[in-house]
Amino acid sequence: MKHIELEKVTVGFGRGKRRRQVLKSLSLRVGRGECLAIFGSEGAGKTTLFAIIAGLLELDEGEAIVGTYNLTNCSTEEKALMRREEIGVYSEEAPLLAELTVQENIAFLAGLQQKKRNKAWLKEVAGHFGVSPLLALPTKELGHYDCQAVRLARAAAAEPAVFLVDGPIDLELFQKLQQWARKRQQTILFATSSYEEALWAPHIVELDNGAIREWGGSKC
């Protein structure tokens, strides 16, 4: 069963002669529960691809489907609902709330998305990602690795169907995310400009100048 389907997607920015195509008739299909690395250099279109999947950009051409949502035809409100139901984002650019504790940060996103969970659930998430001893600490006191772990735990606590992982990320934490998602049939898309990091995922797609250049299986 396909979880994400992009068919001949074209997206550009700018106007007139200055308009530049970032994604060029791109097609991609990802099954539910798959873990896929999207490998490409800076400017290849990885961030734009994630924005399409998250329903944040309009298509010039083509079709985008995530779960039961055909984003090509969805309203702004429907896309916002899709993000709440389907999408969890990990990025180092996603700020933690420095004055809140680790536990409050983990619970914050789920609360915004109206997915209130009890303390046992939050402790399960924190335990899996190794931040249980840190729950009472404000995140401003954490080191780099622990901040990455809290960001992952925050995304996981909201129970997304799809994780969009916009690296960099520590290998150990990525493996923990794979273990977590595998048990729950959650899909992972991992964007990276490092081929060595791309090999962490069982499947790789290479994105080159807005188009898929190579599609491969395990450790391709």
Side-chain angles (χ1 to χ4, degrees), residues 1-11 22-57 59 62-72 82-83 85-94 129 148 151-152 155-156 158-220:
M1 179 181 179
K2 298 304 179 187
H3 194 176
I4 297 168
E5 296 186 69
L6 306 181
E7 187 67 30
K8 296 183 179 180
V9 167
T10 296
V11 176
V22 179
L23 300 181
K24 304 171 182 177
S25 194
L26 183 149
S27 295
L28 175 67
R29 294 173 179 82
V30 184
R32 186 172 297 277
E34 285 188 24
C35 177
L36 173 71
I38 301 168
F39 163 64
S41 61
E42 296 297 324
K46 301 185 299 295
T47 300
T48 302
L49 178 59
F50 273 13
I52 291 297
I53 294 169
L56 296 171
L57 287 177
L59 310 184
E63 185 176 62
I65 299 172
V66 178
T68 61
Y69 292 88
N70 186 330
L71 302 181
T72 317
M82 182 278 295
R83 284 191 291 274
E85 292 182 349
E86 295 280 344
I87 305 297
V89 176
Y90 166 88
S91 170
E92 288 206 322
E93 296 181 1
F129 291 99
Q148 286 191 352
R151 288 187 180 96
L152 271 184
E159 301 179 275
V162 180
F163 287 98
L164 300 180
V165 180
D166 195 359
I169 187 173
D170 184 89
L171 172 58
E172 181 183 9
L173 290 174
F174 186 73
Q175 290 172 334
K176 287 183 178 181
L177 176 61
Q178 287 179 291
Q179 293 164 1
W180 179 270
R182 193 178 301 120
K183 290 180 180 178
R184 295 162 177 81
Q185 276 291 290
Q186 293 165 310
T187 304
I188 301 173
L189 299 183
F190 171 42
T192 179
S193 57
S194 165
Y195 188 70
E196 289 74 18
E197 290 182 0
L199 291 172
W200 298 351
H203 303 284
I204 303 172
V205 60
E206 186 172 358
L207 194 57
D208 181 31
N209 195 28
I212 290 177
R213 192 176 77 179
E214 179 179 320
W215 177 263
S218 180
K219 306 304 181 189
C220 66

Practice item. Taking Ser193 for its side chain and Gly40 for its backbone only, find out whether a donor-acceptor pair lies under 3.5 Å. Key: no

Practice item. Output all residues satisfying side chain to side chain contact (heavy atoms under 4.5 Å, CB included) with Ser41, sequence neighbours left out; order by chain, then residue number. Key: Ala44

Check your understanding: Is Glu7 paired with Arg29 through a side-chain N to carboxylate O contact shorter than 4.0 Å?
Key -> yes

Practice item. Measure the spacing between OG1 of Thr48 and CG of Leu23 and express it to the nearest 0.5 Å. Key: 5.5 Å

Review point. Just checking, any donor-acceptor pair under 3.5 angstrom between side chains of Tyr195 and Glu206?
Key: no

Point to revise | Single hit among Leu49, Val66, Val30 for side-chain contact (heavy atoms from CB on, under 4.5 Å) with Leu6 | key: Leu49

Revision key, fill the gap. Tightest non-hydrogen contact, residues Ala156 and Phe129, listed as CB-CE1, 3.7 Å

Listed pairs under 3.5 Å, donor-acceptor, residues 165-181 side chains, sequence neighbours left out:
unit_1: Asp170; atom_1: OD2; unit_2: Glu172; atom_2: N; d: 2.9
unit_1: Glu172; atom_1: OE1; unit_2: Tyr145; atom_2: OH; d: 3.1

Exercise for review: Can you measure from CG (Leu164) to CD1 (Ile188) and round to the nearest 0.5 angstrom?
Suggested key: 10.5 Å

Point to revise | Nearest heavy atoms of Gly88 and Pro160, plus distance in Å | key: N-CB, 3.3 Å

Exercise for review: I would like to know whether Ile52 and Val11 meet side-chain contact (heavy atoms from CB on, under 4.5 Å); could you show each step before the answer?
Suggested key: CA-CA 9 Å; Ile52 291 297; Val11 176; 3.6 Å; yes

Exercise for review: Output yes when a side-chain donor or acceptor of Thr72 lies under 3.5 Å from a complementary backbone atom of Ala64, and no otherwise.
Suggested key: yes

Point to revise | Separation between CD1 of Ile53 and CZ of Arg83, rounded to the nearest 0.5 Å | key: 13.0 Å

Practice item. List the steps, then state whether side-chain contact (heavy atoms from CB on, under 4.5 Å) holds for Leu189 with Phe50. Key: CA-CA 9 Å; Leu189 299 183; Phe50 273 13; 3.8 Å; yes

Review point. Can you tell me how far CG of Leu152 sits from CZ of Phe163, rounded to the nearest 0.5 angstrom?
Key: 7.5 Å

Practice item. Could you grab the distance from atom NE2 of His3 to atom CD of Gln186, nearest 0.5 Å is fine? Key: 9.5 Å

Practice item. Please report the closest heavy-atom contact between Arg151 and Ala94, naming both atoms and the distance. Key: NE-O, 2.8 Å

Revision key, fill the gap. Glu63 meets the salt bridge (charged side-chain N to carboxylate O under 4.0 Å, His left out) criterion, sequence neighbours left out, with none

Exercise for review: May I ask you to decide if Gly33's main-chain N or O and Thr187's side chain share a donor-acceptor pair within less than 3.5 Å?
Suggested key: yes

**Study point:** Exercise: identify the closest heavy-atom pair between Phe39 and Lys46
**Key:** C-CD, 4.4 Å

Exercise for review: Applying side-chain contact (heavy atoms from CB on, under 4.5 Å), run through Ile204 and Leu199 and close with a yes or a no.
Suggested key: CA-CA 7 Å; Ile204 303 172; Leu199 291 172; 3.9 Å; yes

Point to revise | From CZ (Arg182) to SG (Cys35), nearest 0.5 Å | key: 8.0 Å

**Study point:** Minimum side-chain heavy-atom gap Leu26-Lys8 below 4.5 Å
**Key:** no

Review point. Which heavy atom in Gly45 sits nearest to a heavy atom in Val22, and how many Å separate them?
Key: CA-CG1, 4.0 Å

